[in-house]
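Structure first, then comments.
Just the heavy atoms: all of them, side chains too, but no hydrogens, waters or symmetry mates, feed the values below. Model, not experiment: these values are computed from the prediction.
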Amino acid sequence: MSSRPIADYAVLADGHTAALVSSLGSIDWLCRPAFDSPSLFGRLLDADAGHWSITPDGVTRVSRRYLTDSMALRTEFVCTTGTVELCDAQLLRGGEASTSPQALARIVTCLDGEAKVDIVFKPRPEYGLVHPILTPIPGGVSAVGGPLRVTLTTPVEMLIGHDGATATARLRAGDRLCFLTQAVRLSDPDPLPWPSDAIEEAFDETVTAWTEWNQRHHLQLGEHDDLVRRSRMVLESLRYQPTGAIVAAPTTSLPEEVGGVRNWDYRYSWLRDASFTVQALATSGCQREALAYFDYLTHTAAHYHATNPLQIMFGIRGHHDLSERHLDHLSGWRDSRPVRVGNGAWRQPQLDVYGELLNAAWQVRDHLASLSPATTRLLCQIADAAAEQWGTTDNGIWEVRGQPRHFTYSKVMCWVALDRAIKLAPVLGSDEHVDHWATERERIRDAVENRSWNPNIAAFTAGFDSEDLDASVLTLPLVGFLPGGDSRIVSTVDAIAEHLTDRRGLTLRYRISGQDGVAGGEGSFLLCTFWLVEALTATGQRRRAERLFQKACGYVNDVGLLSEEVDGATGELLGNFPQAFSHIGLINAATALFHAEDELSGADLSFAVPLLLTRRRLTAHRRPLAALTTPHRPCRTHRSV
């Protein structure tokens with residue numbers, strides 16, 4: 001059973017994959033060679049699925065931060081006899097993730113006093129199924145078994161047993177140990193141990209690469225700049241550099257309810273996320289990354305024909321078959337089963353993806369002058385599909401596994417698809433389609449206004465002829481379907497703020513009633529909370545929006561990371577981590593607040609029910625973000641043992 005809180009982890013990334021490291025210095029999740037590969041260290045999901053820990057003895061206090069503007073982590077352990085620093089990073093060489101050596105470096109320094117440090121190395125390839133044979137080699141340990149060749153560089157002698165390799169190092173002030181692990185495919189030569197100075201040099205080069213990347217993408221957003229900068233780095237950490245794909249999260253099966261079954265594999269790229277992701281990247285200064293992501297999406301879906309629904313998600317290398325299966329040998333995080341790999345939602349029809357992709361194209365419209373014929377054809381076919389299919393049922397943005405329905409969000413995003421296609425017609429060379437697209441666009445508007453608006457509850461609802469509230473309708477003013485000043489929008493925002501929030505004031509997707517085809521419950525969605533921030537801003541309620549934004553940001557962990565959800569009862573982070581959509585929501589909400597005018601003076605907002613805002617401390621893991629920008633002290637200035 002794995003019991004570390006999700007908020008206890010920090011992420012390390014190199015443009016190919018990501019590792020999660022706990023505040024106790026344990027690498028509990030790492031898939032090699034890519035995000036969607038089987039795990040090498042998987043203790044996140046089962047105590048016996050492998051880990052690599054470097055933990056001082058007698059720890060009394062732990063603090064950590066990312067170094068400068070990087071994804072290199074510094075953890076400081078205050079112990080009973082001294083202070084130890086642990087610096088962790090997935091390495092970049094030459095400043096580019098494309099040349100990543102696929103190596104994870106760990107550098108331990110005794111800052112003062114003396115300390116005993118315990119090292120445990122237990123690689124478990126294939127999600128813990130493989131117990132490799134460990135063998136001492138000059139400068140390290142070799143692990144053989146399964147699909148990977150793994151080498152640990154270690155300056156201390158490891159004791160090899162049947163369950164892994166262990167060592168205890170005794171350090172005095174100024175002593176330093178450099179460790180590194182590499183995992184390559186079975187067809188590649190065995191990786192060799194690295195000299196300590198090479199590890200230190202590569203570590204510093206990695207920090208520099210991240211810092212320079214941030215300087216190239218600098219964008220001021222006022223008081224929220226630190227939050228946005230960290231969120232922007234999270235998105236870059238989730239980008240698979242070889243193709244430009246962005247995974248929804250680097251983990252699988254972290255649950256939406258402790259002990260529950262809503263446990264999904266998020267190591268794929270969703271068309272659902274496209275427009276919001278491209279918007280977040282573009283508005284936070286990452287134009288090149290936004291274009292690379294758009295290029296990945298259009299190339300992956302280029303074969304599409306409008307006679308069938310467009311596939312909603314793809315693998316990071318562009319592959320389509322994401323068949324789902326259970327790993328029954330894993331107990332799951334806090335016994336939350338099943339543990340899933342693959343995602344069955346890839347087979348679902350979700351009409352909103354048409355609008356997602358065309359809205360993404362609209363976000364990068366200034367760069368579409370030289371579209372390839374294949375991409376032009378794809379975007380036109382997607383608009384045609386939206387025009388033809390909008391009146392059918394689907395599984396919706398939330399990927400319900402129950403009966404397909406006429407979801408409001410799906411209809412609105414079909415409207416978005418046609419609206420953006422009409423505006424892009426000169427670029428697409430599709431003037432002959434415009435009249436048909438315009439006709440269907442108005443039919444969608446009429447249908448939504450007549451069948452999704454429920455005057456009895458004074459709100460747009462989850463679907464046609466429904467009485468259920470759904471947070472996805474908060475996007476109506478965000479995508480331009482109706483202006484924020486429309487009385488129906490203001491009333492809908494008010495209804496969701498009153499009836500679709502938990503006791504902490506965070507927003508739910510919808511009220512779980514068993515109709516989505518999945519058992520159990522879930523937490524409050526941070527993305528939906530940030531949508532509510534944007535919707536409040538759009539309706540002229542900036543101060544109210546700012547208060548809610550600060551509340552949602554109170555759930556970032558000590559290094560600025562967010563998961564998908566928050567447990568309404570305990571305030572714990574839940575769901576896959578770190579979650580791209582939560583950080584996308586933060587960026588877009590911060591941008592909206594930054595550009596918003598003050599609340600309209602004299603506006604009649606008497607019908608707005610205030611959110612239940614509290615002043616009490618929200619979570620035990622809240623930390624000031626000022627610590628995230630502490631300057632990096634180059635590792636090579638310290639003496640190696």
Side-chain angles (χ1 to χ4, degrees), residues 9-22 26-45 49-52 66 70-73 88-93 96-106 123-128 130 143 146-152 179-188 191 202-203 206 209-210 213 233-254 265-269 289 292-293 296 314-319 322 341-343 561 576-580 583:
Y9 288 96
V11 66
L12 312 171
D14 65 357
H16 295 263
T17 189
L20 296 190
V21 54
S22 76
S26 182
I27 305 291
D28 287 346
W29 184 255
L30 174 62
C31 299
R32 283 287 189 213
F35 290 106
D36 59 352
S37 301
S39 64
L40 174 64
F41 302 117
R43 185 160 69 168
L44 183 70
L45 298 178
H51 70 282
W52 179 22
Y66 284 112
S70 79
M71 297 304 292
L73 184 72
D88 293 318
Q90 294 218 67
L91 298 180
L92 307 177
R93 300 305 300 264
E96 293 291 338
S98 59
T99 58
S100 166
Q102 297 265 298
L104 196 159
R106 317 196 72 186
R124 293 287 186 270
E126 292 286 309
Y127 300 109
V130 176
L148 299 175
R149 298 182 186 271
V150 181
T151 296
L152 170 69
F179 300 85
L180 180 138
T181 189
Q182 286 182 278
V184 301
R185 295 177 177 87
L186 196 60
S187 57
D188 296 329
F203 187 96
T206 298
W210 276 106
W213 180 86
M233 281 187 275
V234 171
L235 295 187
E236 181 66 5
S237 297
L238 302 182
R239 193 161 72 96
Y240 183 62
Q241 294 270 359
T243 64
I246 297 176
V247 296
T251 57
T252 179
S253 301
L254 291 180
D265 192 347
Y266 273 17
R267 298 172 297 163
Y268 307 109
S269 197
E289 289 76 8
Y293 181 50
Y296 155 79
F314 304 100
I316 56 176
R317 287 166 294 276
H319 53 287
L322 309 179
V341 294
N343 196 309
L561 306 183
N576 285 304
F577 176 86
Q579 172 67 251
H583 287 278

* Between S269 (side chain) and I246 (backbone), is there a donor-acceptor pair under 3.5 Å? -> yes
* Would Y66 and L561 satisfy side chain to side chain contact (heavy atoms under 4.5 Å, CB included), going step by step from the backbone distance to the final call? -> CA-CA 11 Å; Y66 284 112; L561 306 183; 3.9 Å; yes
* May I ask you to test the L92-D14 pair for a side-chain heavy-atom distance under 4.5 Å? => yes
* Asked: Below 4.5 Å, heavy atoms only, C-beta onward: do I27 and L12 meet side chain to side chain?
  -> yes
* Do the rings of Y293 and Y296 sit parallel, tilted or perpendicular, given the 30° and 60° boundaries? -> parallel
* R317 CZ: over 12 foreign heavy atoms closer than 6.0 Å -> yes
* Sidechain N-carboxylate O distance under 4.0 Å for D28, R43 -> yes
* Is there a donor-acceptor pair closer than 3.5 Å between any side-chain N or O of R267 and the backbone N or O of S37? -> yes
* To do: Would you name the heavy atoms of A248 and L238 that are closest together and state the gap between them?
  => O-CD1, 4.2 Å
* Taking F577 as the fixed residue, which of Y9, Y266, W29 is the one that meets the side chain to side chain contact (heavy atoms under 4.5 Å, CB included) rule? -> Y9
* Does T181 use its side chain to pair, donor to acceptor, with the backbone of T151 at less than 3.5 Å? -> yes
* What are the two closest non-hydrogen atoms of P578 and P250, and how far apart are they? -> O-CD, 3.4 Å
* For the pair Y268 (side chain) and G342 (backbone), establish whether a donor and an acceptor sit closer than 3.5 Å, ignoring hydrogens and angles. => yes
* Where the side chain of R149 meets the backbone of D188, is there a donor-acceptor pair that is under 3.5 Å apart? -> yes
* Asked: Checking R239 side chain against A292 main chain: does a donor-acceptor pair fall under 3.5 Å?
  -> no
* Check: E236/Q241 side-chain N/O donor and acceptor closer than 3.5 Å -> yes
* Asked: Is there a side chain to side chain contact (heavy atoms under 4.5 Å, CB included) between F314 and H319 once you walk through the steps?
  -> CA-CA 6 Å; F314 304 100; H319 53 287; over 6 Å; no
* To do: Taking T251 for its side chain and N576 for its backbone only, find out whether a donor-acceptor pair lies under 3.5 Å.
  => no
* Give the C-alpha distance, both sets of side-chain angles, the deciding distance and a yes or no for side chain to side chain contact (heavy atoms under 4.5 Å, CB included) between W213 and E289. => CA-CA 11 Å; W213 180 86; E289 289 76 8; 3.0 Å; yes
* Asked: Between N343 and D265, is there a donor-acceptor pair closer than 3.5 Å when you use the side chain of the first and the backbone of the second?
  -> yes
* Under the 3.5 angstrom rule, does the side chain of T17 hit a backbone N or O of C31 as a donor-acceptor pair? -> yes
* Non-hydrogen atoms of D88 and F203 that approach each other most closely -> C-CE1, 3.7 Å
* For the side chain of Q182 and the backbone of A103, is there at least one donor-acceptor N/O pair under 3.5 Å apart? -> no
